[in-house]
Undergrad: 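The structure under discussion is supplied below as structure tokens; questions concerning it will follow.
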Amino acid sequence: MSLPSKFAVSYVFQNGSLPPPYHYELAIRIEPGRREALYHFRPGYPGQGEGVQLWRATFPLGLTEREALYKKLVALEFERPWRAGPSPGIASPVRLLTITGARKLTRVPAFPASQKDQARLLALCKAVESVVPRSLKEEFEVRYDRLKLNRDPAGIR
């Protein structure tokens with residue numbers, strides 16, 4: 001199975017509407033023609049004030065890794081028809097996933113209608129998250145833990 005020339009992935013995870021300093025968002029972007037992928041992490045809410053920054057990093061993602069990821073995504077049938085279900089509520093985590101494959105651009109609903117598709121969405125997201133180097137994830141987790149320790153519950157230093 002060859003990698004489509006326009007293969008791209010955009011993934012955003014928000015851990016739900018939690019009070020500061022417990023809310024965070026992360027994003028992974030894989031773009032065609034780039035040898036690196038992007039990893040973003042935002043502790044807190046945009047516009048929350050001092051201490052809320054977007055942490056950015058790039059990491060190498062070669063052709064072999066892209067092909068392996070694409071193969072996993074195809075095996076999970078990302079290009080299948082998806083039906084959106086109702087939102088479970090504001091405290092629920094949100095996963096936004098868009099994949100450009102061989103046939104089309106697929107937007108996977110944040111809250112799929114069936115339990116089987118909900119499990120499929122989680123598997124797709126795990127596959128995408130797996131390309132981020134462990135050391136990079138750990139670096140951002142350590143920074144986030146330090147940030148939480150230095151804030152009071154209102155998110156003020």
Side-chain angles (χ1 to χ4, degrees), residues 3 6-76 78 82 84-85 87-101 105-112 117-157:
L3 185 70
K6 294 184 180 181
F7 175 63
V9 176
S10 174
Y11 170 59
V12 176
F13 173 80
Q14 301 168 351
N15 71 332
S17 296
L18 300 173
Y22 305 104
H23 175 78
Y24 68 88
E25 301 172 8
L26 66 85
I28 300 166
R29 293 186 61 87
I30 300 167
E31 299 172 346
R34 294 188 60 145
R35 293 182 181 179
E36 295 181 322
L38 307 169
Y39 182 60
H40 295 175
F41 188 94
R42 181 187 309 273
Y45 293 95
Q48 181 184 7
E50 184 182 335
V52 179
Q53 306 155 8
L54 179 61
W55 301 338
R56 302 170 196 215
T58 58
F59 59 93
L61 193 64
L63 181 60
T64 303
E65 291 87 2
R66 288 171 191 263
E67 287 173 341
L69 174 60
Y70 183 68
K71 186 176 179 180
K72 285 181 193 176
L73 300 177
V74 167
L76 290 165
F78 78 91
W82 290 88
S87 170
I90 62 171
S92 298
V94 176
R95 291 169 179 84
L96 306 172
L97 180 62
T98 304
I99 304 167
T100 303
L105 178 131
T106 301
R107 285 188 174 89
V108 180
F111 305 105
D117 281 348
Q118 291 168 14
R120 189 184 315 267
L121 169 61
L122 290 175
L124 287 166
C125 294
K126 273 187 150 178
V128 172
E129 289 180 22
S130 74
V131 301
V132 179
R134 184 178 193 82
S135 60
L136 182 55
K137 288 181 195 176
E138 289 173 354
E139 175 190 335
F140 282 4
E141 287 171 9
V142 166
R143 287 173 68 181
Y144 180 51
D145 288 343
R146 285 186 193 141
L147 187 66
K148 286 189 298 188
L149 288 173
N150 291 327
R151 291 185 176 183
D152 69 18
I156 301 169
R157 289 177 175 241

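FYI, side chains are in, hydrogens and waters are out, and symmetry mates aren't considered; it's all heavy atoms of this structure. Keep in mind that what you see is a predicted model, and the values were worked out from it rather than measured.
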Undergrad: Any side-chain to backbone donor/acceptor pair from Glu65 onto Gly62? Under 3.5 Å, distance only.
TA: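 Side chain of Glu65 to backbone of Gly62, a donor-acceptor pair under 3.5 Å: yes, one is there.
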Undergrad: Using every non-hydrogen atom in the two residues, find where Leu63 and Leu3 come nearest and quote the distance to one decimal.
TA: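 So the minimum-distance heavy-atom pair works out to CD1-CD2, 3.7 Å.
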Undergrad: Indicate the atoms forming the closest heavy-atom contact of Tyr144 with His23, along with that distance.
TA: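 Taking Tyr144 first and His23 second, the nearest heavy atoms are OH-O, 3.6 Å.
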Undergrad: Quick one: pull up OG1 in Thr98 and CZ in Arg29 and give me the separation to the nearest 0.5 Å.
TA: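 These two atoms lie 9.0 Å from each other.
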Undergrad: In Å, rounded to the nearest 0.5 Å, how long is the span from OH of Tyr39 to CG of Leu61?
TA: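 Taking OH in Tyr39 and CG in Leu61, the distance rounds to 14.5 Å.
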Undergrad: Which heavy atom of Glu36 sits nearest to which heavy atom of Thr58, and what is that distance?
TA: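 Nearest heavy atoms, Glu36 then Thr58: OE1-OG1, 3.5 Å.
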Undergrad: Specify the closest pair of heavy atoms between Leu73 and Ala127, including all atoms of both residues, with the distance to one decimal.
TA: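 Here Leu73 and Ala127 meet closest at CD2-CB, 4.2 Å.
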Undergrad: Is the shortest heavy-atom distance from the side chain of Leu97 to the side chain of Phe78 under 4.5 Å?
TA: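 Result no, sub-4.5 Å side-chain heavy-atom pair not found.
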Undergrad: Go through the side-chain N and O atoms of Tyr11 and Glu129 and say whether any donor and acceptor fall under 3.5 Å apart.
TA: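 On atom types as modelled, these side chains qualify, holding a pair under 3.5 Å.
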Undergrad: When you measure from the centre of the six-membered ring of Trp55, is the NZ or CZ of Arg143 closer than 6.0 Å and no more than 45° off the axis?
TA: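 The answer is yes; both the distance and angle limits are met.
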Undergrad: Between Phe140 and Ala57, which heavy-atom pair has the shortest distance, and what is it?
TA: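 Shortest heavy-atom separation between Phe140 and Ala57 comes out as CZ-CB, 3.9 Å.
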Undergrad: Atom CD of Glu25 and atom CD of Gln14: how far apart are they, to the nearest 0.5 Å?
TA: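 Between atom CD of Glu25 and atom CD of Gln14 there are 4.5 Å.
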